[in-house]
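This report concerns only the one structure given below.
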2 protein chains.
Amino acid sequence: MARKPADQSVHKDDIIMAAADVLQRNGYEATTMKDIAAQVNLTAASLYHHFRNKDELLLAVLEAGLDHVIGEIEPIVESTRPCAEKLRLMIALHVVSLTQNTAVGAAMVFEIRSLMSLKTPPRNGSAFDADAQQGLLQRRDTFFARRDYFEDLFRRVLREGIAVGEFKPIDVPIFSKMILGAHNWVSVWYREGGRLNGDQIAALFADGFLKGLLHE
Amino acid sequence: MARKPADQSVHKDDIIMAAADVLQRNGYEATTMKDIAAQVNLTAASLYHHFRNKDELLLAVLEAGLDHVIGEIEPIVESTRPCAEKLRLMIALHVVSLTQNTAVGAAMVFEIRSLMSLKTPPRNGSAFDADAQQGLLQRRDTFFARRDYFEDLFRRVLREGIAVGEFKPIDVPIFSKMILGAHNWVSVWYREGGRLNGDQIAALFADGFLKGLLHE
DNA sequence: TAAAAAATCAAATCGTCATTAGATTATCAT
DNA sequence: ATGATAATCTAATGACGATTTGATTTTTTA
């Protein structure tokens with residue numbers, strides 16, 4: 001019979017968060033399963049009870065981060081308000097999310113490449129392992145699609161703003177990349193206890209993107 | 001007596017460029033000395049004739065990239081022209097440089113962390129090795145200082161523009177990070193042969209940062 | 001309470017590197 | 001030409017780290 005997970009156990013989510021932490025400090029390749037395990041008082045071997053392998057754990061970290069931020073931003077896009085206000089809110093949520101969990105944020109920025117170069121290990125390939133790897137590659141692709149969906153949320157608001165006459169007719173894909181690049185970089189330089197908090201940074205970003213440098 | 005390097009030899013710069021290439025593809029930790037060596041038809045062991053170790057090679061890659069871009073941008077800052085024009089040029093040079101050598105560009109973005117976590121290897125520490133490592137740490141710090149100097153080039157132009165009344169009184173450090181974040185991200189998503197080339201992307205960026213989204 | 005499922009661990013495997021040692025070959029300065 | 005220096009190679013060395021194997025300990029359900 002199915003059982004609910006034992007209370008003694010460390011939950012998958014705990015491991016994911018721990019992994020994000022260590023990942024931020026060291027990067028994927030430099031992070032050992034032992035490092036991650038230590039963070040939650042387990043041995044490396046125990047992690048394999050929860051995740052098929054290191055790649056799957058990384059993917060879980062990234063999926064968690066992406067799902068979270070999409071969940072926050074999606075409703076705003078679908079709401080009815082001036083596009084400038086939508087954009088302000090989207091920027092605020094994304095930036096604050098990045099400053100509140102720089103670990104996952106940094107992983108999203110830095111570890112994409114590790115995902116892309118997911119080696120199909122030419123192991124003593126049992127049909128079993130092959131399937132498992134196939135599943136991972138599938139999930140990897142889904143992740144990238146979802147990542148583009150996230151970016152598209154910004155593109156949609158920009159397009160809408162232009163259509164409505166609120167925004168200038170800028171190049172939408174490029175402007176989106178510009179915004180997201182600025183955001184992603186935050187997770188690299190932001191430090192808790194700095195001069196500005198996430199909200200303040202976001203407000204300045206929004207002003208910057210909306211109004212620009214020049215006087216009218 | 002000093003001798004000039006043999007013609008047979010692969011030049012240090014060749015190795016540095018090769019390393020940047022492989023680094024872009026795989027990331028620091030996933031890149032083996034063998035990979036880099038193969039790129040220039042050498043064996044891994046031969047690389048140690050040119051570089052003390054892998055860390056020093058990475059540092060050389062980053063130093064080369066930084067020196068190049070600083071060399072291009074510095075003169076513009078010191079020139080006399082409207083700040084808006086200065087900024088346009090700086091953006092163009094930086095972005096084009098990133099699109100023309102995404103390898104080094106990506107390294108600058110992605111491998112900083114590897115540098116930061118330069119482990120002082122608790123080797124069978126001969127005083128010799130210790131000194132060598134000390135030197136690396138020294139160079140590492142110098143690199144970071146130089147990196148901040150680069151960022152300061154942007155801050156200076158922004159400050160000047162504000163002082164002169166050309167720019168609005170935006171938050172200079174944040175606006176700089178915003179610009180540089182957008183730039184750095186280019187080396188991640190840019191693909192040769194895409195819809196726009198480096199110059200065009202730069203022009204759109206400059207418009208974006210100078211004029212913003214809203215109509216006057 | 002007993003069997004089953006879950007969670008964990010210690011120890012062994014098996015590769016893959018970075019780095020070193022010890023030649024060997026090529027090139028230059030005189 | 002010839003010794004010195006540079007550049008390179010082949011073959012170790014030594015770690016370290018992902019993953020597997022086979023218990024062992026908990027917890028849950030019936």
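Order of the sequence lines sets the chain letters (A, B, ...), proteins ahead of strands, with each chain counted from 1. In this text, all values refer to a predicted model and were calculated from it rather than measured experimentally.
- The side chain of B:Y48 lies closest to C:dA18 when the candidates are C:dA18, D:dG17, D:dA6.
- Residues satisfying the side-chain contact (heavy atoms from CB on, under 4.5 Å) criterion with A:H49, sequence neighbours excluded, are absent altogether.
- Counting to the nearest Å, the P atom of D:dC16 and the CD atom of A:E29 are 18 Å from each other.
- Salt bridge B:R113/A:E111: present, at least one basic N to carboxylate O contact under 4.0 Å.
- Protein atom NE2 of A:H49 is 17 Å distant from nucleotide atom P of D:dT19, rounded to whole Å.
- What separates CG of A:N26 from C1' of D:dG17 is a distance of 14 Å, to the nearest Å.
- Rounded to whole Å, the distance from CZ on B:F51 to P on D:dT8 is 11 Å.
- Comparing D:dT8, D:dT20, C:dA18 by their closest approach to the side chain of B:H50 singles out D:dT8.
- With sequence neighbours excluded, no residue forms a ring pair (Phe, Tyr, Trp, His ring centres under 6.0 Å) with B:Y28.
- Of the side-chain N and O atoms in B:K54, one or more sit less than 4.0 angstrom from OP1 or OP2 of C:dA18.
- Every pair passing salt bridge (charged side-chain N to carboxylate O under 4.0 Å, His left out) that includes a residue from residues 192-206 of chain A is listed here, sequence neighbours excluded: A:R195-B:D171.
- Atom pair B:N53:CG and D:dG14:P shows a separation of 19 Å (rounding to whole Å applied).
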Tabulate protein N/O versus nucleotide N/O from nucleotides 9-12 of chain D, keeping only pairs under 3.5 Å, one per line.
| unit_1 | atom_1 | unit_2 | atom_2 | d |
| --- | --- | --- | --- | --- |
| D:dC9 | OP2 | B:T43 | N | 2.8 |
| D:dC9 | OP2 | B:T43 | OG1 | 3.0 |
| D:dC9 | OP2 | B:S46 | OG | 2.4 |

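- Note on A:R140 versus A:D55: no salt bridge recorded, every NZ/NE/NH1/NH2 to OD/OE distance being 4.0 Å or above.
- The interatomic distance linking A:L47 (CG) with C:dA10 (P) rounds to 13 Å, in whole Å.
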Would you tabulate the side-chain donor-acceptor contacts of residues 39-47 of chain B under 3.5 Å, counting partners in other chains and residues two or more places apart, or write 'none'?
| unit_1 | atom_1 | unit_2 | atom_2 | d |
| --- | --- | --- | --- | --- |
| B:Q39 | NE2 | B:D21 | OD2 | 3.4 |
| B:T43 | OG1 | B:S46 | OG | 3.1 |

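- We find that CE of A:M33 is positioned 8 Å from C1' of D:dA18, with the value rounded to whole Å.
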Would you give me the side-chain donor-acceptor pairs under 3.5 Å for residues 178-186 of chain A, sequence neighbours excluded?
| unit_1 | atom_1 | unit_2 | atom_2 | d |
| --- | --- | --- | --- | --- |
| A:H183 | ND1 | A:H94 | ND1 | 2.8 |
| A:N184 | ND2 | A:L180 | O | 3.2 |

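- With rounding to whole Å, A:D35 atom CG is found 10 Å from D:dG17 atom C1'.
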